[in-house]
Chemist: 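Here's a structure for you.
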Protein chains: 2
Amino acid sequence: MPQRTKKPGASRIRSAAFQRIRADHSSELAEDYVELIADLIDEKGEARGSDVAMRLGVANATVVKTLKRLQDAGLVTQEPYRSIFLTGEGWKMAEDGRKKHKIVEAFLLALGVSEKTARIDSEGIEHHVSDETLRAMARFLARKVM
Amino acid sequence: MPQRTKKPGASRIRSAAFQRIRADHSSELAEDYVELIADLIDEKGEARGSDVAMRLGVANATVVKTLKRLQDAGLVTQEPYRSIFLTGEGWKMAEDGRKKHKIVEAFLLALGVSEKTARIDSEGIEHHVSDETLRAMARFLARKVM
DNA sequence: CGCAAAGTTTAGCATTGGCTAAACCCTTTG
DNA sequence: CAAAGGGTTTAGCCAATGCTAAACTTTGCG
């Protein structure tokens, strides 16, 4: 959680960009998790911790720990030794992420980037595009098509 | 530093994207620091820790700690209570970052995004675009102009 | 049904990147 | 020249995100 510091009135800072990036990083992991969990549920009917671990390329224990935080944040529910479920809020976040992801990836492809690169880069970029940029990408795609 | 783990032969993972993102995050901060230090040196003749702190929107102590790591990594040099210098490697990284940054920002502007958003988003995106995507962006810019 | 294998969780550790408060050094001024 | 004030650093804390190894469930097979 980004701890709120009272910034001294002294010298107003225009570090907005960097502060947003740090904030983005906090939520980035959560978004990746819920998106992945949603995919797993759709693909296989359930999301197991170990599947998440494998796809993310991290250790099982790491997933357990992170899921605990996501549970506290109200994004997932889970019983020990059972598979993972998304809450309403979790689904919403997952859907938002998927939408974003799809636009960014399609955009990169339209730009002439290879499929593999589009897949990898979109994963990294999606968390850092504002709504405005996303709209611009969508506009570009629409123009391309017609 | 990303610790190298020997991934068990069991179940080859295709988590490349996520692993790259985690790796990117390690270097992201370093890039932001050296880029900012380079800017400060060019603008004001020297980079003081407190300027860096102010522009990044973090506490002074945080900068001190991070600079120690960057020094260990061979990117900057510094004496206590003096201003900060970049090593050759540091300059190289800063230049690369600036180049990337410029392309991404110009690209976003060409896409029709507002200046403010372009400035903010490019800061977040620049660390996640591969060379291939960067080339595609440059191509797009070139086409736009002619 | 019981036990072994497979899958999960807990425990404990490390690193990164933040913060505040206190100590420290440098500079400037009286 | 010495002391005050301001800028820097150190100390010590916290949370997030990783890891491995060990403990604990579940499950599935004989």
Side-chain angles (χ1 to χ4, degrees), chain A residues 1-8 10-11 13 15 18-33 36-37 40 44 46-73 75-76 78-84 127, chain B residues 1-8 10-11 13 15 18-33 36-37 40 44 46-73 75-76 78-84 127:
Chain A
M1 271 85 250
Q3 58 270 61
R4 47 174 59 262
T5 311
K6 72 188 58 177
K7 48 191 76 134
S11 70
I13 357 178
S15 48
F18 293 110
Q19 292 186 328
R20 220 207 54 191
I21 289 171
R22 285 197 298 278
D24 286 349
H25 282 169
S26 306
S27 39
E28 203 169 319
L29 197 89
E31 284 171 27
D32 284 343
Y33 268 75
L36 180 47
I37 290 165
L40 285 168
K44 323 180 135 194
E46 68 166 1
R48 328 294 280 357
S50 48
D51 291 337
V52 174
M54 209 184 58
R55 294 237 196 153
L56 288 178
V58 301
N60 239 292
T62 302
V63 170
V64 173
K65 208 182 278 192
T66 304
L67 284 178
K68 221 163 271 166
R69 275 199 307 278
L70 297 187
Q71 192 159 33
D72 290 349
L75 294 168
V76 310
Q78 204 200 191
E79 304 288 315
Y81 299 100
R82 310 296 242 25
S83 66
I84 308 154
H127 304 289
Chain B
M1 273 82 254
Q3 60 272 54
R4 48 175 61 262
T5 312
K6 71 188 58 174
K7 48 193 76 135
S11 71
I13 356 179
S15 47
F18 293 110
Q19 291 186 330
R20 221 208 52 194
I21 288 171
R22 284 198 298 278
D24 286 349
H25 283 170
S26 305
S27 40
E28 203 170 321
L29 197 90
E31 284 172 26
D32 285 343
Y33 268 75
L36 180 48
I37 290 165
L40 285 168
K44 323 181 134 193
E46 66 166 1
R48 327 295 282 350
S50 48
D51 292 336
V52 174
M54 210 185 56
R55 294 237 195 154
L56 288 178
V58 301
N60 239 292
T62 301
V63 170
V64 173
K65 207 182 278 191
T66 304
L67 284 178
K68 221 162 273 166
R69 273 200 306 277
L70 297 187
Q71 193 159 32
D72 289 349
L75 295 168
V76 310
Q78 204 200 191
E79 305 288 314
Y81 299 99
R82 311 295 242 24
S83 65
I84 308 153
H127 303 290

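Naming: A, B, ... by sequence-line order, numbering from 1 per chain.
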Chemist: Can you name the nearest heavy-atom pair linking A:Q19 to B:L56, along with the distance?
Modeler: CG-O, 4.3 Å
Chemist: Indicate whether OP1 or OP2 belonging to D:dT9 is found under 4.0 Å from a side-chain N or O atom of B:K68.
Modeler: no
Chemist: Just the rounded figure in Å: distance from C1' of D:dG7 to CD of B:E46.
Modeler: 12 Å
Chemist: Expressed in angstrom and rounded to an integer, what is the separation of B:N60 atom CG from D:dG6 atom P?
Modeler: 15 Å
Chemist: Grab the CD-C1' distance between A:E79 and C:dG7 for me, whole Å please.
Modeler: 17 Å
Chemist: Report the distance from atom CG of B:D32 to atom P of C:dT16, rounded to the nearest whole Å.
Modeler: 17 Å
Chemist: Which part of the nucleic acid, if any, lies within contact of B:S50, taking any heavy atom under 4.0 Å across all strands shown: a base, the sugar-phosphate backbone alone, or nothing?
Modeler: sugar-phosphate
Chemist: Which is more 5' along DNA chain C, the nucleotide nearest B:K65 or the one nearest A:P80? Just name the residue.
Modeler: A:P80
Chemist: Would you tell me if any nitrogen or oxygen in the side chain of B:R69 comes within less than 4.0 Å of OP1 or OP2 on C:dT15?
Modeler: no
Chemist: Of all heavy-atom pairs between B:L67 and B:V76, which one has the smallest distance, and what is that distance?
Modeler: O-CG2, 4.0 Å
Chemist: Could you check whether any side-chain N or O of B:R22 sits under 3.5 Å from a backbone N or O of A:G57, counting only pairs where one atom can act as donor and the other as acceptor?
Modeler: yes
Chemist: Looking across every strand, which nucleic acid part, if any, lies under 4.0 Å from B:R22 by heavy atom: base, sugar-phosphate, or nothing?
Modeler: sugar-phosphate
Chemist: In whole angstrom, give the distance that lies between atom CD1 of B:I84 and atom P of D:dG7.
Modeler: 16 Å
Chemist: Which nucleotide sits closest to the side chain of A:V64: C:dC26, D:dG18, C:dT9?
Modeler: C:dT9
Chemist: Could you check how far CG of B:D51 sits from C1' of D:dT8, rounded to whole Å?
Modeler: 13 Å
Chemist: Figure out the CG/C1' separation between B:L29 and D:dA16, and round it to whole Å.
Modeler: 15 Å
Chemist: Check this for me: does any side-chain nitrogen of one of A:D72 and A:K68 sit under 4.0 Å from a carboxylate oxygen of the other?
Modeler: no
Chemist: Between C:dT20, D:dT17, D:dG7, which nucleotide gets closest to the side-chain atoms of B:R48?
Modeler: D:dG7
Chemist: Which nucleotide in the list C:dC19, C:dG7, D:dT8 gets nearest to the side chain of A:Y81?
Modeler: C:dG7
Chemist: Might you point out which heavy atoms bring A:I84 and A:R48 nearest each other, and give the distance in Å?
Modeler: CD1-C, 3.9 Å
Chemist: Rounding to a whole Å, what distance do you find between A:R82:CZ and D:dT27:C1'?
Modeler: 14 Å
